[in-house]
Amino acid sequence: MKTLSRRGFMAAGAATLAAAQFPAMAFGQPAAPLRLAATRRTLDIDGRAATVFGLAGPGGQGLVLDPGQRFRVDLTNDLDIGTIIHWHGQIPPNAQDGVPDMPMPLLAPGESRSYDFAPLPGTHWMHSHVPIQEMQLLAAPLIVRRPEDVAADRQEVVLFLHDFSFKAPEEVLEQILGGHGGGHGGGTASGGMAGMNHGSMNDGGMAGMDHGVSADGAMAMPMDMGGMAMDLNDYDWDAYLANDRTLSDPEIVSVERGGRVRLRVINAAAATVFWIDTGAATGRLVAVDGHDVQPVSGSRFGLAMGQRLDIEIDLPNEGGAWPILALREGARERTGIILSTPGAAIARLEPKAEVEAPPFDIDLAQESGLAAIEGLSDRAVDHSQMVMLGGSMQPYVWTINGAVWGEHRPVAATAGERVELAFHNMSMMGHPMHLHGHAFQVVGINGRRVAGARRDTVYVPPMSMVTVALDAGEAASWMLHCHHMPHLATGMMTEFRVAT
């Protein structure tokens with residue numbers, strides 16, 4: 001456990017990032033590039049050793065950049081297999097984006113590659129763009145600080161979330177494809193933000209449901225959506241990690257009485273949507289995907305795979321311990337960290353809650369409640385396109401515009417155009433849709449125009465439509481895909497091809 005003043009940057013633990021850990025070269029513009037290595041590491045997960053991947057920076061897992069610092073990084077592959085890293089949330093030159101053969105190949109074992117671009121500020125992350133490697137935890141935070149972050153009288157805490165299996169990812173995928181992954185939970189709760197100032201979540205609809213049993217004995221709870229069953233989780237993972245740890249040994253972050261905390265939450269899970277429950281420490285959602293939003297008060301906010309949330313929390317003047325929990329949607333599993341003043345009593349937390357968390361944002365209430373601080377400029381739309389999302393659990397095939405990768409037809413645009421993409425999900429599973437090389441703004445929800453959040457990853461629940469607007473950037477082929485790793489691994493991706 002590490003204790004810093006509120007003016008410091010705090011994130012204690014193996015996968016969090018504390019400024020005090022970084023050598024002087026990591027701040028200001030360094031004379032030489034920062035070194036980052038894709039490597040193996042060993043975690044203790046509930047008393048069992050697990051060998052996983054990681055991204056080791058100058059002071060631990062991940063990178064923190066100071067205001068104005070360029071992303072100047074030498075990446076070395078210390079693994080015995082090829083890999084490539086995508087800088088999620090950043091807009092680098094296309095050649096540095098980190099997608100296999102688009103246009104650069106994988107880094108061979110022992111190979112290094114240099115990167116140099118001006119980063120976007122905010123809470124971001126980096127991960128392998130080989131799905132089975134991200135499932136082995138080849139990911140880490142990428143925090144780019146703003147001048148106001150340095151000046152603010154607050155602590156910063158990173159909450160980095162994973163789902164984890166002791167099985168090889170190939171075996172996990174085989175089980176999912178064969179219908180034996182478990183975890184097809186659903187529910188009848190509203191997906192809106194709980195405890196918010198504009199509404200509350202109805203989570204009383206769980207009783208009296210027709211529960212079934214999946215092939216491996218796991219409980220399956222269909223959600224009735226017009227006579228169709230909604231699928232939530234398609235795999236029961238062995239553990240759910242917060243900063244590489246479970247609730248059997250959670251990260252304890254030392255905080256000051258009456259202090260302010262900026263909690264940077266990153267959902268790096270392969271296939272798990274989480275609710276972030278701040279409990280008695282009511283917070284304000286102030287940014288999503290690294291972009292500021294009009295503050296929204298509440299104690300429970302959700303995020304899908306690939307998304308990020310920044311939550312500001314004002315702690316009481318009295319001492320105490322405040323669990324910050326990540327609840328698996330449609331299930332009882334949970335993980336998290338604990339904010340604690342020195343000497344406070346810390347109660348043991350069970351890894352399963354007494355009741356199941358509801359599905360996430362099925363009515364898009366959370367997304368509807370977000371508004372960008374700085375939206376896109378007001379201009380006419382040059383090009384609009386519907387992007388159809390489809391697929392099913394059996395057979396396990398997920399598509400964009402009716403096709404899987406390799407059979408896809410690119411989504412076309414011209415550099416400089418204002419483009420609107422309407423993601424229309426006709427499947428019974430939600431899809432977090434991520435576009436490389438661009439930040440977009442949510443401008444439509446189920447046909448209703450909004451001035452929503454700026455994002456790079458938007459969640460589209462079943463039988464719903466979310467429209468985003470963007471200005472087409474560098475003329476190149478950019479990946480557009482679902483950030484659910486088993487969906488991506490089975491081909492749910494296409495190209496956003498920008499012409500000159």
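These numbers come from the heavy atoms of this one structure, side chains and all, not from hydrogens, waters or symmetry mates. In what follows, residues are counted from 1 in the order of the sequence shown. Since the model is a prediction, treat every value here as computed from it, not as a measurement.
Side-chain contact, S248 with D46: a donor N or O sits under 3.5 Å from an acceptor N or O. Checked by atom type, the side-chain pair R308/H124 shows a donor-acceptor distance below 3.5 Å. In the model, H86 has no side-chain atom that pairs as donor or acceptor with a side-chain atom of H127 under 3.5 Å. A donor and an acceptor atom, one from each side chain of S128 and E134, are nowhere located under 3.5 Å apart. The closest side-chain donor-acceptor pair between D163 and T272 falls under 3.5 angstrom.
Ring-centre distance between W125 and H483: below the 6.0 Å cut-off. A ring-centre distance under 6.0 Å is not found for H431 and H481. Taking the six-membered ring for Trp and the full ring otherwise, F301 and W275 have centroids separated by 6.0 Å or more.
For Q136, the side-chain hydrogen bond (donor to acceptor under 3.5 Å, both in side chains) criterion is met by no residue, not counting sequence neighbours. In this view, D310 and R262, R264 satisfy the salt bridge (charged side-chain N to carboxylate O under 4.0 Å, His left out) rule, not counting sequence neighbours.
In terms of heavy atoms, V296 sits closest to G369 at CG2-O, 3.7 Å. Residues W322 and P316 approach most closely at CZ2-CD, 3.4 Å, considering heavy atoms.
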**Study point:** Audit row: H88, H436, ring pair (Phe, Tyr, Trp, His ring centres under 6.0 Å) steps and yes/no
**Key:** CA-CA 8 Å; H88 190 124; H436 289 216; 7.2 Å; no
Review point. Step by step, would you call F164 with Y240 a ring pair (Phe, Tyr, Trp, His ring centres under 6.0 Å)?
Key: CA-CA 6 Å; F164 172 78; Y240 300 87; over 10 Å; no
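R40 has a carboxylate O that lies under 4.0 Å from a charged side-chain N of D80, or vice versa, which qualifies the two as a salt bridge.
Taking a 6.0 Å sphere around CD of E148, one finds it holds more than 12 heavy atoms contributed by other residues, nucleotides or ligands. With a 6.0 Å radius and a threshold of 12 heavy atoms from other residues, nucleotides or ligands, E174 has its CD atom at or below the threshold.
Formation of a donor-acceptor pair under 3.5 Å by the N267 side chain with backbone atoms of G306 is not found in this model. Checked by atom type and distance alone, the side chain of S464 pairs as donor or acceptor with a backbone atom of P462 at under 3.5 Å.
Interatomic distance, CG of L137 versus CG of L43, reported as 6.5 Å (0.5 Å rounding).
With a 6.0 Å cutoff to the six-membered ring centre and a 45° limit on the axis angle, R48 counts as a cation-pi contact of F166.
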